[in-house]
Structure formats: C-alpha cells, structure tokens
Amino acid sequence: MASISGVCSSYSSSALRHRRPLLPPKPIPSSRHAAAIPIFPSGRLPHLRPPCSIADLPRSPSTTSSASLPPEKKTLGIEKDPIKLWRRYVDWLYQHKELGLFLDVSRIAFTDEFLAEMEPRLQKAFHAMQELEKGAIANPDEGRMVGHYWLRDPKLAPNSFLRLQIENTLDAICKFADDIISAKIKPPSSPAGRFTQILSVGIGGSSLGPQFVAEALAPDNPPLKIRFIDNTDPAGIDHQIAQLGPELASTLVIVISKSGGTPETRNGLLEVQKAFREAGLDFSKQGVAITQQNSLLDNAARIEGWLARFPMFDWVGGRTSEMSAVGLLPASLQACSSLIILRCQGIDIKEMLVGASLMDEANRTTVVRNNPAALLALCWYWASDGVGSKDMVVLPYKDSLLLFSRYLQQLVMESLGKEFDLDGNRVNQGITVYGNKGSTDQHAYIQQLREGVHNFFVTFIEVLRDRPPGHDWELEPGVTCGDYLFGMLQGTRSALYANDRESITVTVQEVTPRSVGALVALYERAVGIYACLININAYHQPGVEAGKKAAGDVLALQKRVLSILNEASCKEPVEPLTLDEIAERCHAPEQIEMIYKIIAHVAANDRALIAEGNCGSPRSIKVFLGECNVDELYD
Ligand SMILES: O=P(O)(O)OC[C@H]1O[C@H](O)[C@H](O)[C@@H](O)[C@@H]1O
C-alpha cells in the first residue's frame, strides 16, 4: 500500500484563467501626430496592423491610426446625457426582424473618427470572409478550408461533393435519431426496450456546444437524458457512470472527437467500455462515433462494429462544429415527452440550422451598421483597444443560457488567443471571456465590475419572453418574477455605465432552436471578422499542442521513474532511492521537481509505492515499491 507522510495528496491545479497585464495607459497618437508612436511592452503597435491576409487579400502598408484611445480618454468621451444616449440607442439599434434579435451597441462609446478609421479595415475583413466562404485556405498553417458556414447552407459549399457530404450526413442524423426515439433501434439487453440515456464522451469543441445546447433547449424531463464525460478525471467519470446505474443497459454512448485521438476522450471511452464489460453488456451495440474518416476512433468503431458512425469534416474546426454531427446528433436525440414518444422529435435541429443560416445571411452585408457580427467585432476592438486589454464578461439573464459564456470562452479564446499574427509578428493577441448568468452573478462579482478594477466590458444577453404563455402570475401587484430579472439586467447595465463601464446587449425573444442557432452563428462570424481586423489565424490552436506534448513527456517520465524504482525494489535487500538518485538514474537531473510530483501523486493513489520521510522536505524522502515485479515493463 502506498503511503507518504505530510500533505502530499493535497496538490491543486493552478488557476484556469490566464490574465495578461494591462497595457500601461500611454497616450496613443492620432494620425495627425504620427511622429510619436509609442513602443508597447511586447514591441507591438496595436493600431498599426495590416489587413487580414487570409487568402489573397491585397496588403496595404501600415498606416498610423487613432482607432482606439487610452482608457482615460475613452472615459471622458462616454456620453451621459440621457436624451443623447437615447438618440445613440435608436441610431445604432440593430434589428433582425425574422429572428427577433436585437443588438444594442449604444453603451460602447466608439467615436465617429474610430468608425471612419475602421471602415476600410472592415471592408477588407468582409472580403476575407467572402473568400473564406468560397473555400479559400483560410487556415493557412494547417492548409485547410474553413467551412462551418456551409453546414447550414450546403449550397454554399465550394463543390457538389462537399454539399452532398453535408446533406447526406444531416439525413443520416435525422433518420438515426428517429429510429432511436421511436425505439426502432433498441439496446440489446434493456428491460426498457428502448434507449433512455445518452452519454456523450468528448472534450473542448467536441463537448462544449452539445452541453450548451442541451442546457438551453432540452425539454424538462426528456425520455433520453444526456450527460457528459468531458475530462480524464476518474472520479468524474465514475460519478457519471454511477448515476446511470442499471440504466447503463439503455444508454446510448456517443463518442465525439474530430481527430479521434484526444487522450481525455480515449480514456473516457476506455473507462466506459470497462463499465460495460463489468455489467456484462456489449458496448458495440450501444456505441456511436462522431469523428473524421479513418481516425483511430473511426477505425476502432468500424472494426468493433459499433451501432453507428457519423463523419466530422476536415474543414470544420472543433469549436465551430455545433452545426455538424457533433452538435446536431446529440441535440436531435433529446426528445420531448415520453407519453407521445412515437410522434416525438428531439430538439429541432433544422430550426437551429435555419437560425444560423438567417444570421449568416445578415452578416454578409458590407454595410457595417447593418451587419451584427461586424458591429460586435467593432465593439470588441474599441473596448479592448484591439489588443485584448479588456475582458469580455458574458451575462445571459436566463438560466438556460448558463453555458453560453463557457461555450464562447473556447470559441473566442482559442480562436483569438494567438502568439503570432499572419505575418509572423509576435502579437500575443486574445480576449479573455468569462461569465455565468444574471442576476445570479450580481451576488458574486458585480461589485468588482461596478467599482473595482476597470478591465472588462460586458455583453448582456436578454431574453424577452420570461416563461411559456399561460404560466405567469404577479407576485406583487403589477410585477412578475420575470420583471425582477428584467429589472436586474437593466439596473446593472445602467449602474455599470454610470461608472463608465461599457456594455453590449443582445436581445432575443425566446430561447428556441432558432435563436440558439442564430447566437452561435453571430459569434462565429464576429470572431472571424475580429480575427481579420487583428490579422491572426482564428482557425488553428498551436498553443494547445504544447500542453499536450508536455503532458506526454510527464507520462513518459513517470514510466521511467517506475521502471527504476522497480529495478531497485527487486534487489535484495530492497534499495530505497532518494529523489536525487532517481533523477540521476533517469538521466534527468533537471526533472527532479517533476519526479517529486510524480511520486507524490502515485503514492496518493494506492499504487504500491512507499515514500518514507516528510514530503514537506522533499530531500528527506526515500522511495521504493512495496512489490517487486520482475516481469513488469513500464516502458
Ligand atoms: O475533437 P477532438 O479532436 O477530440 O479535439 C478536442 C479539442 O482538442 C483540442 O484541445 C483543441 O484545442 C480543441 O479545439 C478541440 O476541440
């Protein structure tokens, strides 16, 4: 049995959010004072970027710009006169009639000068987006097209092969969902005679969209309830499997991974398959894969004869895959009331696609004030000086939209958070996104937003319809519960603005498949346009690879450590080793800290490793294995 004295098992991971120090409030010269251009800490000049160089965009030489102002000047420029503000509100209010969606940018204090300056850059961004939609290699590093817009309008796909792939996949999803919901396809050994649970195994873009949509749109008591494994945390996985209990026999497991080789997803699958084996169930009769053709996952699913396989396309990125099989299959399975199961359908995925397609259409106009995604990108640029100097706090005032900010966190931060621009300059770009929901968050951190460090702008998401018709009542004369929610949103917006905190408000009538599709499409396009404005590739994620590689190195080192300990523990008498000795025998003296952490972790997990000494003073520790495995091969 493993044991280690002290507090070795209390290691905690570091904070999730990476914060960049704010730029010092140096004066930024206007174009009329171009001579005194300040050098920023990273050596970059945030307002002097060339246009987006996606595809074959013409490159214009850098020009001096006053596209944004330092914080103190912006504050001075914030309009407070209510009548002038009302005029600004009316002047700038964007409405999408068919979608019932409004965008209010009046509480972002951009100036006419800023608009004029951004206009040519936005036109270049529009051109780049047109090229992207036509099939340009918009992800140059990976040599890939970027085709998520085709998913909701397949006729836009650059050739008929791709169009058919999209259409056929959608047909296959609808048919499969119908067959599952109507119990035409059943689990082999469930007394229920139909699937009753869905377990989605995936991470990042292969999970965040489905989680967001399930939270937003799933019916109250769906006959097919969805749950998620989105980590390699064994306790978290156990928790999900334990909650399924005997219903594992009627669980449809959807394994989602574009690459088909993501370790967390593979581990989740292996854990679930083990649970199936232990329950005497045949996983292949209940497993579905969504992945690229011929990936490791695809091959395993094919060889093992899983229930179904659906394709992920090379030209759809994980974080923009909600309208592919990744998002549509889980959504289409989340059916309504079990009483009418034979006539019941899941979340209306076609409506989601319509919402996204209508929003895409609106975002194709080159008239900036009529283009909601461009307006968002413009506001982001203004509010964060085009360098991410302010964070984006996303506050939907609707419980069902709780996961929108989490979904946007990946979409925005993985797309925009880049070290280099398209010309190879080090820019360390990005915008930090966080938020949960209002008014809940008013009782958590709004205090700081109102009065504390001024390093953010807010996006309120407002939903006009409080609850389905016929259910409302007045809990005070003339006031409903929903009126309170409305009041909280409006009050917070006003209170923040009164203290010079800028905000955007997106309003939808209701949370429906259509409005959810529209919101996804709105932010996808805003990210694309903003990426063009700051001249970065929004469609790759080179930084993620570094962490994955480092994790692989840690596991390789762990195998070496265990192998060396095994060798020493097989000696007669057993030879306990100090950390220095282990590091030396691993030929990795520089890795001694990691070796210490590996030993502490293994020791905390009953893995036959004995560490004597006080973990508070690592040099005193001596380690050996409680069992010698002569045949054990750790490499
Ligand atoms: O879908 P997968 O290939 O399993 O990838 C899952 C996730 O992996 C990486 O972390 C990427 O940075 C994400 O963009 C991606 O969504």
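Note that the coordinates shown come from a computational prediction; the quantities given were computed from them, not determined experimentally. Just so you know, ligand 1 is whichever comes first in the structure, and atom 1 is the first atom listed for that ligand.
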With under 30° as parallel and over 60° as perpendicular, where do the rings of Trp150 and Trp315 fit, or are they tilted in between? tilted

Please report the interatomic distance CD1(Ile347) to CD(Gln334), rounded to the nearest 0.5 Å. 4.0 Å

Those residues with a heavy-atom separation under 4.0 Å from ligand 1 are Ile203, Gly204, Gly205, Ser206, Ser257, Lys258, Ser259, Thr262, Arg319, Gln410, Glu414, Gln541, Val544, Lys548

Tabulate below the donor-acceptor pairs under 3.5 Å that side-chain atoms of residues 293-300 make, not counting sequence neighbours, or state none.
residue : atom : partner : partner atom : Å
Ser295  : OG   : Thr291  : OG1          : 2.7
Ser295  : OG   : Gln292  : O            : 3.2
Ser295  : OG   : Leu297  : N            : 3.4
Ser295  : OG   : Asp298  : N            : 3.1
Asp298  : OD1  : Arg309  : NH1          : 2.9
Asp298  : OD2  : Asn294  : N            : 2.7
Asp298  : OD2  : Arg309  : NH1          : 3.4
Asn299  : OD1  : Arg302  : NH1          : 3.0
Asn299  : OD1  : Arg302  : NH2          : 3.2
Asn299  : ND2  : Asn294  : O            : 3.3
Asn299  : ND2  : Ser295  : O            : 3.4

Under a 4.0 Å threshold between the charged nitrogen and the carboxylate oxygen, would Glu271 count as salt-bridged to Lys274? no

For residues 197-204, run the donor-acceptor check on the side chains, cut-off 3.5 Å, and write out each pair with its distance to 0.1 Å, sequence neighbours left out.
residue : atom : partner : partner atom : Å
Gln197  : NE2  : Glu247  : OE1          : 3.4
Gln197  : NE2  : Glu247  : OE2          : 3.2

Identify all side-chain donor-acceptor contacts of residues 207-216 below 3.5 Å with residues at least two apart in sequence or on another chain.
residue : atom : partner : partner atom : Å
Ser207  : OG   : Gln211  : NE2          : 2.7
Gln211  : NE2  : Asp230  : OD2          : 2.9

